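Report on the structure given below.
The sequence lines fix the lettering, A, B, ..., with proteins before strands; numbering per chain opens at 1. Model, not experiment: these values are computed from the prediction.
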Amino acid sequence: MKDIRKIMCACGSGLGSSLLVEMNIQDVLAKLGIDGVEVTHSTTSDVRPGAADLFVVGRDLADFIKEVDDDQKVVLTNIVDKDELEQKLREKLDL
Amino acid sequence: MEAVLNFFVNILSTPAILVGLLTLLGLVLLKKPVEDVVSGTIKTIVGFLVLNAGSAFLQSDSLNAFGEVFNYAFNMQGVVPNNEAVVSMALTDFGQASALIMCLGMILNIVLARFSRLHYIFLTGHHTLYMACMLAVVLSIGGLEGWTLYIAGGCILGLIMALSPAYCQPTFRKIAKTDSIALGHFGGIGYAFAGWVGRFFKGGKSTEDINFPKRLIFLRDTTVAISITMMVFFVLVTGVAVGRGILAEDPANFVYLNTLLNVGTETETNWFVWAITCGMSFAGGVYIILSGVRLVVGELVPAFKGIATKLVPGAVPAIDCPVCFPYAPNAVIIGFLVSFVGGIVGLVILGGINASLMPVALILPGVVPHFFCGATAGVFGNAEGGLKGCIAGAFAHGLLITFLPAICMPVFTALGFTSATFSDADFSWIGILFGNLAQITPGMPLLIICIACFCLPILYNALVPKKQADAE
């Protein structure tokens, strides 16, 4: 498993949808039995390489985090779909 | 004894600590481990204090000056529609009431989801906070205070939290192609309206069938969007004021313009630089407020969601508006642009009314409400009537969120909020309705009306037989 300690979700003002994705990530991590990963949410202004080990955004915001390497980001087609989230997180975590 | 009592009264009347206690309660109910409870509670309290700091910065470095310069330049009241600005100001006087109304409203939202046919759990926490604050302000006009205020506000908040997703659902269902999620955003009536307008253009080509440049999407970043609009507003307004000779005025005539008029500054201030800095300070203030709000709702919402899903089988989560953006990226941009044009047209009409009929507040088109709400309205219009529906719906929405705040403005002006107001449509219609009710039927009747409004959907569910398909 890859060493991911901090995941940051982002959206336009960092209040609503990013918090929803954060809650979904917490659920998925719990389901996968992964402990000790810090999940936060914020605005896309706060996304920069190094601020977290993995960034998660919706497809419509992919252009906002272009500076982040592909292997450090997850772009969701449907931000409320937990199955998609789980599958993409598994890839990043090398599970 | 009195010292102990004072201590508790003090805790309950310090909004930051009160909100912290509510979070504490939620986290304990969810049986979270001690360290999570401690960190969650502390973050919430700090968030509230950060929010206050942002508010002070926003007002002292930008908003107050804007009001004065605008007044000098145009002899009118110019209003920036920005939820964060007005909420942060109102929280200084209504913090305690807002916190308790928010808590009661969330509980009553769960009650409605359980016992009425509105099964929606409203998860957009910052809007819950803003609406709680607005209700505290407008209901206090009706002479309600203490527990009567909290109960009346909580009832209306619980109701609108379940009702707003309900009136968006007929169209939102066509966008998301499911009934298992809903839209939870207090621009709701504007989206329902845009969807209704879009229905007149049924069967046209969808926005997603055309090629449309996506570059404007950068305005989705709140900081960038607010900076650009407020810089433009400040430069225009200050430019006019300078043209009319504000720089030669006696600084004693103004309260907030010391920097512009070189009082106590070492170098001479250039008005253009001053205007640009003020515009960016507005964005800076909102950035600080948003960080505070993020800390406050970041702990509260998961607790609320956890409790609600345990208590309400079949609860439908109602989610913030960007949830519908990926379904129609072109409609997002077109909706924003057209809604913004609607806002400018609305502003011109307001100016005309002000000059010829009666004094009204000028509601300036803010990029943030036109972006987030306009984009959502565009997606709604597109879902009902394709490209034409998107354009017509978003334009109608742009007019709506200019006129509604203007109608609502007297309610707030009476309380001293002169330079900022709520932008999104639900805040306005609730504000207009209950602000006026509060003036017509103050006191106990107002409380009874609020409780009755809340009970209606539950009574309806109990008394009216369900149709086969369990219609919404």
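The side-chain contact (heavy atoms from CB on, under 4.5 Å) with A:Cys9 is formed by just one residue from the set A:Leu54, A:Val57, A:Leu20, A:Val21; it is A:Val21.
Looking only at side-chain heavy atoms (C-beta outward), B:Phe427 and B:Val87 stay at 4.5 Å or farther from each other.
For chain B, the nearby part of A:Asp46 is the side chain; its heavy atoms alone come within less than 4.5 Å. Residue contact with chain A, scored on non-hydrogen atoms closer than 4.5 Å, is absent for B:Phe371. The contact between B:Leu290 and chain A is made by backbone and side chain atoms together, counting heavy-atom distances below 4.5 Å. With a threshold of 4.5 angstrom between heavy atoms, A:Leu15 approaches chain B through its backbone and through its side chain. Neither the backbone nor the side chain of A:Thr40 comes within contact range of chain B; no heavy atoms are under 4.5 Å apart.
The stretch residues 293-301 of chain B places B:Val293, B:Arg294, B:Val297, B:Gly298, B:Val301 near chain A, each with some heavy atom under 4.5 Å from a heavy atom of that chain.
Residues passing the ring pair (Phe, Tyr, Trp, His ring centres under 6.0 Å) test with B:His126, sequence neighbours excluded: B:Tyr130. For B:Phe122, the ring pair (Phe, Tyr, Trp, His ring centres under 6.0 Å) test picks out B:Phe186, with sequence neighbours left out. Partners of B:Phe57 by ring pair (Phe, Tyr, Trp, His ring centres under 6.0 Å), not counting sequence neighbours: none found.
With respect to chain B, the highest number of heavy-atom pairs below 4.5 Å among A:Gly58, A:Gly12, A:Ser18 belongs to A:Gly12.
Salt bridge annotation for A:Lys82-A:Glu86: absent, with no cationic side-chain nitrogen under 4.0 angstrom from a carboxylate oxygen.
Under the 3.5 Å distance criterion, with hydrogens and angles disregarded, a donor-acceptor pair is assigned to the side chains of B:Asn83 and B:Ser423.
Residue A:Glu84 comes nearest to A:Thr77 through the heavy atom pair OE2-N, 2.6 Å, listed as atom of the first residue, atom of the second, then distance. Scanning both residues, A:Arg5 and A:Gly36, for their nearest heavy atoms gives NH1-O, 3.2 Å.
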